[in-house]
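A short write-up of the structure that comes next.
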Amino acid sequence: MRTRVVVVVLDGLRRDMVLSKTTPNLAEFSKKSAVFVNHRSAFPSATRVVSACFATGCWPAKHGLAGNSIALMENDVLTPHDVGRPDFMDHLRSIRGYCLAVPTLSERLARAGEEAMLFSNVSPGAARAHDPDGHGWVLHRAWSHGPGLRRLIGAEAMGHVTNDIAGDAVLTEAFLERALSGREAALAVLWLGEPDATQHTVPLGAPEAMEAIAAADARFAEVLAAVQARRQAGEDILLIACSDHGHQTVQAVVDIESELVTAGLKRDLADTGIVSVSNGTSALVYVHPERRFQADALIEFVLAQPWAGSVHEGSALGDIGQAASDHLFCAISMASDPAPNVYGVSGLAYAAKPSAGKPDRLGCGQHGGLGAAEQMPFLMINGGEFVAGATHVAPSSPIDLAPTILRHLGLDAEGCDGRPLQGRAGGF
């Protein structure tokens, strides 16, 4: 009997949006699945970081990808980088000699003679974080590769997919044809771009946002039907439905770099001795060794700001799964408020102004920090050792997915920070 795992990720779907009136298919699925009601995200609560956590079963402190955007020391200069670029992983390898410091699910499966396939409609960097070294298959509109980092072109690639509702539909069709019925991958992951893509452009709860949620729910239903058909044919399939993070509403955008200049901590915006890197509703702050004498003044300044919700420095970075490595000095979760937006959706937050002219839209959705709403992804698991209808109340997180997947496939999860979720009582 073929044993497999299928995962569907609805990017950015908050747990409190999974209701019979908004996501009827997921709501019905929840009745037949183990539901993890206190599932949380990583920090930053952002897709590229969560992708690496999902793929490795480890926190950023161990796998080494600290954020959606980070800074790297290059030629003795702290240089900001957008992890989402298609070529970022190659650049990271050229600087460090490696991409992620621990093996991914794709690598573990390849060692066992199995295949992992990821179909992704988020950023190319997030897609590549699942398999940066090419042990399996990554299918994405801007980057597609097979084993050995063989670049895919033409009909094999996903260049025709758009980052919207329609694109998710096209990607799902390809996933069903090529991952479930085609190569029959031991691990098949479909990472939808919605509702995240739309929620970044309109207010949470707006008709367009609700349409995107409904569309993602419909894509899940297509996968569920295909999985049920494969099970009836005798396959042992563990089906996981989840999201990577929630969303909060942007109430104000803070230019942290300019504020550091005004405070006299940076000479000007070109000063790379201290570099703050936006991660949505959080920021990572890097300090060059020659500027460590400013550490106390920097912390004192940040702690005094109304936009800084919580600040983690030094050993306290470990509390959020980070580490004071690669010149990372502190992490800021921007201040948040449980108040509702114009559509009655709870959770307001400050956002750190992104670099390179990227928009951060006031009144629209954003994530990255430790706010309650952005740390509210959902997780449901059906099949294998999981009890249908069980409610699990203890915290779980993306680092638990890899050990859970590996256990179902009968493979070792040594080195993971997370734990397999199988076999635990509903009230653990």
Check your understanding: Can you find a pair of side-chain heavy atoms, one from Thr22 and one from Met210, that are under 4.5 Å apart?
Key -> yes
Exercise for review: Show the numbers, then the answer: is there a side-chain contact (heavy atoms from CB on, under 4.5 Å) between Gln248 and Met334?
Suggested key: CA-CA 11 Å; Gln248 301 204 139; Met334 305 295 277; over 6 Å; no
Point to revise | Asn279 side chain vs Ala46 backbone, donor-acceptor pair below 3.5 Å | key: no
Review point. In terms of ring plane angle, is the pair Phe43 and His312 parallel, tilted or perpendicular, where the classes change at 30° and 60°?
Key: tilted
Study note, to complete from the structure: To the nearest 0.5 Å, atom CE of Met380 lies from atom OG of Ser30 at 4.5 Å
Review point. Less than 4.5 Å apart, any side-chain heavy atom of Asp412 and any of Leu406?
Key: no
Check your understanding: Any side-chain donor paired with an acceptor under 3.5 Å for His39 and Asp400?
Key -> no
**Study point:** Which atom of Leu176 lies closest to which atom of Ala226, heavy atoms considered
**Key:** CD2-CB, 3.7 Å
Exercise for review: Report the distance from atom CG of Asn163 to atom CG of Asp168, rounding to the nearest 0.5 Å.
Suggested key: 7.5 Å
Check your understanding: For residues Thr281 and Glu374, is any side-chain donor paired with an opposing acceptor at under 3.5 Å?
Key -> yes
Practice item. Give the intermediate values and the outcome of side-chain contact (heavy atoms from CB on, under 4.5 Å) for residues Leu238 and Ile381. Key: CA-CA 7 Å; Leu238 186 70; Ile381 309 180; 3.7 Å; yes
Practice item. In sequence, state the C-alpha distance, the side-chain angles, and the governing distance for Thr249 and Tyr343, and then conclude on side-chain contact (heavy atoms from CB on, under 4.5 Å). Key: CA-CA 11 Å; Thr249 297; Tyr343 285 93; over 6 Å; no
Check your understanding: Which pair of non-hydrogen atoms, one from Leu187 and one from Leu109, has the smallest distance, and what is that distance?
Key -> CB-CD2, 3.7 Å
Point to revise | Donor-acceptor contact present, side-chain Asp82 to main-chain Gly84, <3.5 Å | key: yes
Study note, to complete from the structure: In this structure, CZ of Arg48 is separated from CG of Asn68 (nearest 0.5 Å) by 4.0 Å
Review point. Between Phe88 and His91, what is the ring plane arrangement, given parallel below 30°, perpendicular above 60°, and tilted in between?
Key: tilted
Practice item. Report the distance from atom CG of Asp131 to atom OG1 of Thr104, rounding to the nearest 0.5 Å. Key: 5.0 Å
Review point. What about His327 and Tyr286, are their ring centers closer than 6.0 Å?
Key: no
Practice item. Return yes if some donor-acceptor pair links the side-chain N/O of Glu115 with the main-chain N/O of Gly136 below 3.5 Å, else return no. Key: no
Point to revise | Heavy-atom closest pair, residues Ala126 and Val122 | key: CB-CG2, 3.8 Å
Review point. Do the rings of His247 and His367 sit parallel, tilted or perpendicular, given the 30° and 60° boundaries?
Key: perpendicular
Point to revise | Backbone of Leu13 reached by a side-chain donor or acceptor of Ser243 within 3.5 Å | key: yes
Check your understanding: Would you say Thr23 and Phe29 make side-chain contact, with heavy atoms under 4.5 Å?
Key -> no
Exercise for review: Identify, with sequence neighbours excluded, every residue that meets ring-ring contact (aromatic ring centres under 6.0 Å, His included) alongside His130.
Suggested key: Phe54, Trp191
Review point. Do Arg219 and Glu194 pass the salt bridge (charged side-chain N to carboxylate O under 4.0 Å, His left out) test, and can you show the C-alpha distance, the side-chain angles, and the key distance before you say yes or no?
Key: CA-CA 10 Å; Arg219 301 290 79 75; Glu194 296 290 4; over 6 Å; no
Review point. Considering the options Arg96, Arg151, Arg128, Arg85, which one meets the salt bridge (charged side-chain N to carboxylate O under 4.0 Å, His left out) requirement together with Asp90?
Key: Arg128
Revision key, fill the gap. Shortest non-hydrogen pair, Ala335 vs Pro306, comes out as CB-O, 3.5 Å
**Study point:** Side chains of Pro24 and Asp217 in contact at under 4.5 Å (non-hydrogen atoms)
**Key:** yes
Exercise for review: Drop me the distance from Leu192's CG to Ile165's CD1, to the nearest 0.5 angstrom.
Suggested key: 11.0 Å
Review point. Hey, is the main chain of Ile274 close enough, under 3.5 Å, to the side chain of Lys266 for a donor-acceptor pair?
Key: yes
Review point. Yes or no on side-chain contact (heavy atoms from CB on, under 4.5 Å) for Arg14 and Ser346, after CA distance, side-chain angles and deciding distance?
Key: CA-CA 11 Å; Arg14 283 170 47 158; Ser346 65; 3.2 Å; yes
Review point. Taking all atoms of both residues into account, what is the closest heavy-atom pair of Ala241 and Leu26, and its distance?
Key: CB-CD2, 3.9 Å
Review point. Any side-chain heavy atom of Pro403 within less than 4.5 Å of one from Arg419?
Key: no
**Study point:** Check: Arg15 side chain, Val37 main-chain N or O, donor-acceptor pair, under 3.5 Å
**Key:** yes
Point to revise | Asp268 atom CG, over 12 foreign heavy atoms within 6.0 Å | key: yes
Check your understanding: Are a donor atom and an acceptor atom from the side chains of Thr47 and His245 found within less than 3.5 Å of each other?
Key -> yes
Review point. Do Asp244 side-chain atoms and Gly12 backbone N/O form a donor-acceptor pair below 3.5 Å?
Key: yes
Exercise for review: Indicate yes or no: at least one non-hydrogen side-chain atom of Val254 is less than 4.5 angstrom from one of Gln305.
Suggested key: no
Review point. Is a side-chain N or O of Thr404 found less than 3.5 angstrom from the main chain of Leu421, in a donor-acceptor match?
Key: yes
Exercise for review: Return yes if some donor-acceptor pair links the side-chain N/O of Ser51 with the main-chain N/O of Ala129 below 3.5 Å, else return no.
Suggested key: no
Point to revise | Phe175: partners by ring-ring contact (aromatic ring centres under 6.0 Å, His included), with sequence neighbours left out | key: Phe119
Point to revise | Close side-chain approach of Glu257 to Glu259, heavy-atom, < 4.5 Å | key: no
**Study point:** Side chains of Arg4 and Leu180 in contact at under 4.5 Å (non-hydrogen atoms)
**Key:** yes
Exercise for review: Check for a donor-acceptor pair, side chain of Glu208 on one end and backbone N or O of Thr198 on the other, with a separation under 3.5 Å.
Suggested key: no
Exercise for review: Among Cys53, Ser45, Cys58, find the residue that satisfies the side-chain contact (heavy atoms from CB on, under 4.5 Å) test when tested with Pro398.
Suggested key: Cys53
Revision key, fill the gap. Output for pair (Ile405 CD1, Gln422 CD), nearest 0.5 Å, gives 9.5 Å
Review point. Can you name the closest pair of heavy atoms from Ala339 and Leu348 and give their distance?
Key: O-CG, 3.4 Å
